[in-house]
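We're numbering straight along the sequence, starting at 1. Only this structure's heavy atoms are used, side chains among them; waters, hydrogens and symmetry mates stay out.
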Amino acid sequence: MSVRSLATLPLIYLAAACGGWVMTRIGAPLPWMIGPLIVTALLYVSGLATLVIPVKTRPAGQIIVAAQVGLFFSPAAFGKLIELSPLLVGMALATAVCACLTAYVLARLSGMGMVPAFLSTIPTSPVEAAVIAEKLGLPHGPVIFAQTLRIASIVVLVPVALYAVDGWPDRSSAGAAAPVRPFETLALFAAAAATALVFRTLRISNPFFLGALAASAAITAAGVTLAPFPPVVLSMAQILLGTWLGSTFRRSLFTSAGRLVGSIALSTLLFVLLSTACGLIAASLLGMGWENLVLGAAPGGVTEMALTAKFLELDVALITAFHLVRIFLIVPFIPALSRLMHRLEQRAPDR
């Protein structure tokens, strides 16, 4: 990296952090992810920044976020996983079907191929989806945009809809932040990083996320309580990921997008509606609380949905189990499915 790049990179991260701070002030969801993403995307779309953010910044952020997510996998969540495993697996498969239907609609509306439409829709990390697209030689800008829009939409629309139906929650009783216990936090990071490296050696998909998540979830499910990362560390991890995601946007995506942006927005709304319908139908058939199943079916992040469940005093263990099962059931197979679809598209005769 050149001297100019070394001087530019801190400025980009500083601007990204300022974006996160602004988002926290206005009460936006996922402020330290969405804020840096928006600011960085604006810098790169406008042409003010052209530096390629080092890809090596991703793993640290992924390990920290995934390890934090695994802390929700308590013994109670593990018990729910065993007790309700048919429902959890069925809901994960239903979400995958909804994603495929949405991908087909997106491909028809936008004119993009099925592989990028699939990667734009299937619930996974925007980072992972972008990396798969890049390996297949496909443009990753639209994939990141679609995945980011999906996450942001779920984080905003689903909780607000629940608040609107059940009443806005009272935040006055929110507890104080947990005390910082550095040795436990370091032990959590060490276990997560070591397992991530093992997953990488074994060539398991998305090793830095799934490996860290597996380690943290296993420790927590065994009844061992480790201290979570301090808020500042978790915020820095989100800044790393948000900045990298934002830096992948380019002006050409919007100048040549045509109907793409509108198609992605419509397909995202369709995905939210389909997954919500699945949750409502399952709740009606099983006689369970619809709020729990709607949050469990929502194709958002496990962290955001678990925090929303806790905020609304819903079943955090059940909702966490829903999302962890979906992650481990779907995410590992996304690269292989994408490669298979890509080969089939390449072999298909031109129409």
Using a 3.5 Å distance criterion without hydrogens, assess whether the side chain of H323 forms a donor-acceptor pair with backbone atoms of L295.
yes
Nearest heavy-atom contact between T220 and P75 is O-CD, 3.4 Å
Any chance you could measure T225, atom OG1, to L188, atom CG, to the nearest 0.5 Å?
11.5 Å
Could you pull out the closest heavy-atom pair between F229 and A67, with the gap in Å?
CE1-CB, 3.7 Å
Within the distance-only criterion (no hydrogens, no angle test), does the side chain of S235 pair as donor or acceptor with the backbone N or O of P231 below 3.5 angstrom?
yes
Any heavy-atom pair between the side chains of V22 and R25 that's under 4.5 Å?
no
Restricting to non-hydrogen atoms, name the atom on L210 and the atom on P332 that form the minimum distance, rounded to 0.1 Å.
CD1-CG, 3.8 Å
Backbone N or O of W32 within a donor-acceptor pair of the Q238 side chain at under 3.5 Å?
no
Residues two or more places apart in sequence or in another chain: which of them pass side chain to side chain contact (heavy atoms under 4.5 Å, CB included) with V89?
L93, V325, L329
For the CD atom of Q62 and the CG atom of L213, what is their distance to the nearest 0.5 Å?
11.5 Å
Is any side-chain heavy atom of F209 closer than 4.5 Å to a side-chain heavy atom of I327?
yes
Other than L186, which residues form its hydrophobic cluster under the rule that side-chain heavy atoms must be closer than 4.5 Å?
none
Could you tell me if the side chain of L293 sits less than 4.5 Å from the side chain of L87, heavy atoms only?
yes
Short question: side chain of T243, backbone of P36 - any donor-acceptor pair under 3.5 Å?
no
Hey, is CZ on F333 packed in by over 12 heavy atoms from elsewhere, all under 6.0 Å?
no
Supply the atom-to-atom distance D315 CG to N292 CG, rounded to the nearest 0.5 angstrom.
5.0 Å
Show which side-chain atoms of residues 268-289 pair as donor or acceptor with protein atoms under 3.5 Å away, not counting sequence neighbours.
from, atom 1, to, atom 2, distance (Å)
T268, OG1, I264, O, 2.8
S275, OG, F271, O, 3.1
S275, OG, V272, O, 3.0
T276, OG1, V272, O, 2.7

Report the distance from atom CE of M114 to atom NE2 of H342, rounding to the nearest 0.5 Å.
14.0 Å
For T121 and A103 the tightest heavy-atom approach is OG1-CA, 3.7 Å
Looking at side-chain heavy atoms only, is the closest gap between L138 and V143 below 4.5 Å?
no
Whether R150 side chain and S267 backbone form a donor-acceptor pair below 3.5 Å:
no
Determine yes or no for a side-chain-to-main-chain donor-acceptor pair under 3.5 angstrom, with Q147 supplying the side chain and L119 the backbone.
yes
Least distance between heavy atoms, A297 atom then T95 atom
O-OG1, 3.7 Å
Find the distance between OG (S263) and CE (M112) and round it off to the nearest 0.5 Å.
7.5 Å
Rounded to the nearest 0.5 angstrom, the OH-OG1 distance for Y13 and T40 is 8.5 Å
Is the closest side-chain heavy-atom distance between Y104 and F118 below 4.5 Å?
no
Can you give me the closest heavy-atom contact between F208 and A66, atom names plus distance?
O-CB, 4.4 Å
